[in-house]
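One structure below.
Labels below follow one simple rule: chain letters A, B, ... track the order of the sequence lines, proteins then strands, and each chain is numbered from 1.
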Amino acid sequence: MDDHGVPPHRIAAVTFTNKAAREMQTRLFGLSPEDSSALLGWSRRGQGLTVSTFHAFCSRLLRHDGDRIGLDRNFAIYDDVDQIAAVKRAMDEVGVDAKTLKPRAALSGISGAKSKLIGVEGFGLRRESYVEEIIHRVYERYEDILSQASAVDFDDLLMKTYDLLRRSPEVAAIYQDRYLHLMIDEFQDTNVAQYEIAKLIADRHRNLCVVGDPDQSIYSWRNADIGNILSFRKDFPDGRLIALEENYRSTQTILDAAQGLIAANRNRVEKDLFTEKGRGKPIAVAEGYNESEEARLVVNEAARLVRDEGFMQRDMAVMYRVNAQSRAIEEACVRHGVPYQLVGSTQFYRRQEIKDLTAYLRLGANPHDDVSLARVVNVPARRIGARTVEDLTRAAREAGSSIYTVIDAIAGGQPPVAVRARQARSLSEFHDLIEGLSKAAREKSLVDLIDLVLERTGYERYAEEQDRGEERLENLREFRNSAQDFLDMEGGGDLTDFLERISLVSDVDTMNEESDAITLITLHQAKGLEYRVVFMVGMEENILPHVRSMDDEEQMEEERRLCYVGMTRAKERLYLLRAFRRAFRGGQGPSVPSRFLGDVPRELVTPMDVDFAPPRPTAKSAPSGEPAPVRTEAEPPLAAGDKVEHAKFGPGIVVQTKPSGGDLQVTVAFKDGHGVKRLLLSFAPLEKVGA
DNA sequence: GCCTCTGGATTTTTT
DNA sequence: ATCCAGAGGC
């Protein structure tokens, strides 16, 4: 890009995650990752290339110019937990019962509208069903709650940016002039609001370049709109739409497999994937008895690749459809001493104790943030219960003020609502606490503020007394460290910057690339990443494709694309695993191999060479230096018809045996209603009976 | 107001 | 299985 003589600061590139932004910086300018992470999204005074996510870009724009549309510079960004709280309150206030409409459903209606830039009024004009009628009322109230609190949600970051650019031509002109070139990565996953913003910004120089692959569109549930690609062709006939067909990543075998899979989608445009790389190894497929054995197969194979084939742990990733699947993999890693890095799952900034602490920090920045206030007003318990909060909320609403304003009046001896003396006292104390935090937020450093919160609220002691107290304390400490890091970082920033930062980081952003560990990650999160070795687990009907996509053709195609995304993350080796039985919701059930397995051309596939070597002998299993028993090929220890006894399932009869890797897979029919099970001899607690 | 118990739902994916 | 909301006793 720089050889075209365009100064970097005249270019903006928008990516899907901060991590992708960082990588782009690194690639374009050869900056070290640390340098670029310092620059990331915070490029000062127009210096340097702007690379960030849509949300970070918009947030920055709104902090700078949002006052033009009446937005407070210190607006808070509500995540979905905060949003649900706000929706619940809105539903309460407009008298919608949670049984009529789930808050989650209401929110999804609101979010869907916002991402199409449909405001409350617009929604009111279009509503055409009873549910939409209700959502409209909730939407209206929800917007009031957020604006009263000077808060925006994720969708607002986009929609308000759009509004601002539309309503303030001067502001729009600044950005339109500045950015000679605008580039959007992962274009297939943008929503209407994002595209409209890009269109506005590119309106002057008309240099919009988008990179995307319709076959990797996997975020329609988040309102991504593949129609943007069609719109782009129409709106920018000369614009560049880059759809990479050459894949510099994977072996031809992996590409062919992925191609075979995705070709089964009806609703797509043909394309050929090619690579300069060789054919590589076949795709390995295996079935474990249940999810823990599936996990063990993965971990054993990973260990073998490290031991025998010179791979590093960091070259490998295990990918799954739903976060819950990570549990079994994690356990297997722990058991076998394999280092792993779990991405996401229980996202750090979403943890209860972190959300609570964050709520206090937000209150320090803005005591009128009602959602944060309601969250912690009685955490730790300070005798301000649900009833009182309800009264305060009603009073606030009637006065058109924030809850804090009501508390302030009570503390000042002017209660606008009847409160008992006892409550008034508790509220006054809370009032003093918040006043103290506001003062500290203005005068002290971020870390001092955090310390003050922990001390003055008694939160530290409270967290310790909860279950998992030690872990909670540890998280609080880690949070404090991250604040310290933030301050130490070049450029630093104030409380508002820090709060913004933690709202906009995603889990992939926090991945550690230095540590030598296997990555455990969902297929969605894996988009845009690559690994030498990829293990995809849970290749079963109802998992991938997910059970919720079963009765909808469109969603099924998206599942297939998701599978495609996973497969194309692999550079050299791809493993597809499934389990014969899988535990879910307490119970257990048999499972059916995923239809996607059948779409991979057979000739590319081979059974996984399973390494059933028992776990390394430990002190207790190998006493007196005796060598571990070696399995011989001589005689099968069990055959069909043998009577056996299982430690858990009791007596049974062997139905079938089958060599499997270095092990013997035994199918046993058990008595007493335990049914037929397939077991691996070396692991099942199985004894031969008689003879 | 606070604590414990119970019944019911439950997340699929996340900036 | 686990988490949450609502009920009921203190």
Is there a donor on the side chain of R321(A) or the base of dT13(B) sitting less than 3.5 Å from an acceptor on the other?
yes
dG1(B) phosphate, OP1 or OP2: any side-chain N/O from T388(A) under 4.0 angstrom?
yes
Given atom CE of M319(A) and atom P of dT13(B), what is their separation to the nearest angstrom?
16 Å
Output the single nucleotide from dT15(B), dT2(C), dG1(B) whose closest atom is nearest the side chain of R222(A).
dT15(B)
Starting the side chain at C-beta, find the nucleotide from dT12(B), dT10(B), dT15(B) nearest to K102(A).
dT10(B)
Working to the nearest 0.5 Å, report the span between OH of Y340(A) and CD of E331(A).
9.0 Å
Minimum-distance nucleotide (side-chain atoms of R327(A) versus dT15(B), dT2(C), dC2(B))
dT2(C)
What integer number of Å spans the C1' atoms of dT11(B) and dG6(C)?
22 Å
Parallel, tilted or perpendicular: rings of Y219(A) and F16(A) (30°, 60°)
tilted
Which of dG1(B), dT14(B), dT10(B) is nearest the side chain of R383(A)? It is dG1(B)
Would R63(A) and F75(A) count as a cation-pi pair here, with the cationic atom under 6.0 angstrom from the ring centre and within 45° of the axis?
yes
Specify the separation, in whole Å, of atom CD1 of I84(A) and atom P of dC4(C).
13 Å
Measuring only the C1' atom in each nucleotide, how far is dT12(B) from dA5(C)? A whole number of Å is fine.
23 Å
Look at the side chain of Q555(A) and decide which nucleotide, out of dT15(B), dC2(B), dT12(B), has an atom nearest to it.
dT12(B)
Closest listed nucleotide, where the reference is the side chain of H546(A) and the choices are dT15(B), dT12(B), dG1(B)
dT12(B)
Any idea which of dT13(B), dT15(B), dT12(B) is nearest the R548(A) side chain?
dT12(B)
Contact nearer the 5' end of DNA chain B, comparing A324(A) with V389(A)
V389(A)
For K527(A) and dT13(B), is the shortest distance between a side-chain N/O and OP1 or OP2 below 4.0 Å?
no
The side chain of Y219(A) is closest to which nucleotide in this list: dC2(B), dG1(B), dT14(B)?
dT14(B)
Please pick, from dC2(B), dT2(C), dT13(B), the nucleotide with the shortest atom-to-atom distance to any side-chain atom of V322(A).
dT13(B)
Are S426(A) and E429(A) close enough that a side-chain donor and a side-chain acceptor fall under 3.5 Å?
no
Exactly one of D599(A), I218(A), D213(A) clears side chain to side chain contact (heavy atoms under 4.5 Å, CB included) with Y564(A), and that residue is D213(A)
Quick one: the side chain of W221(A) and the base of dT13(B), do they pair up donor-acceptor inside 3.5 Å?
yes
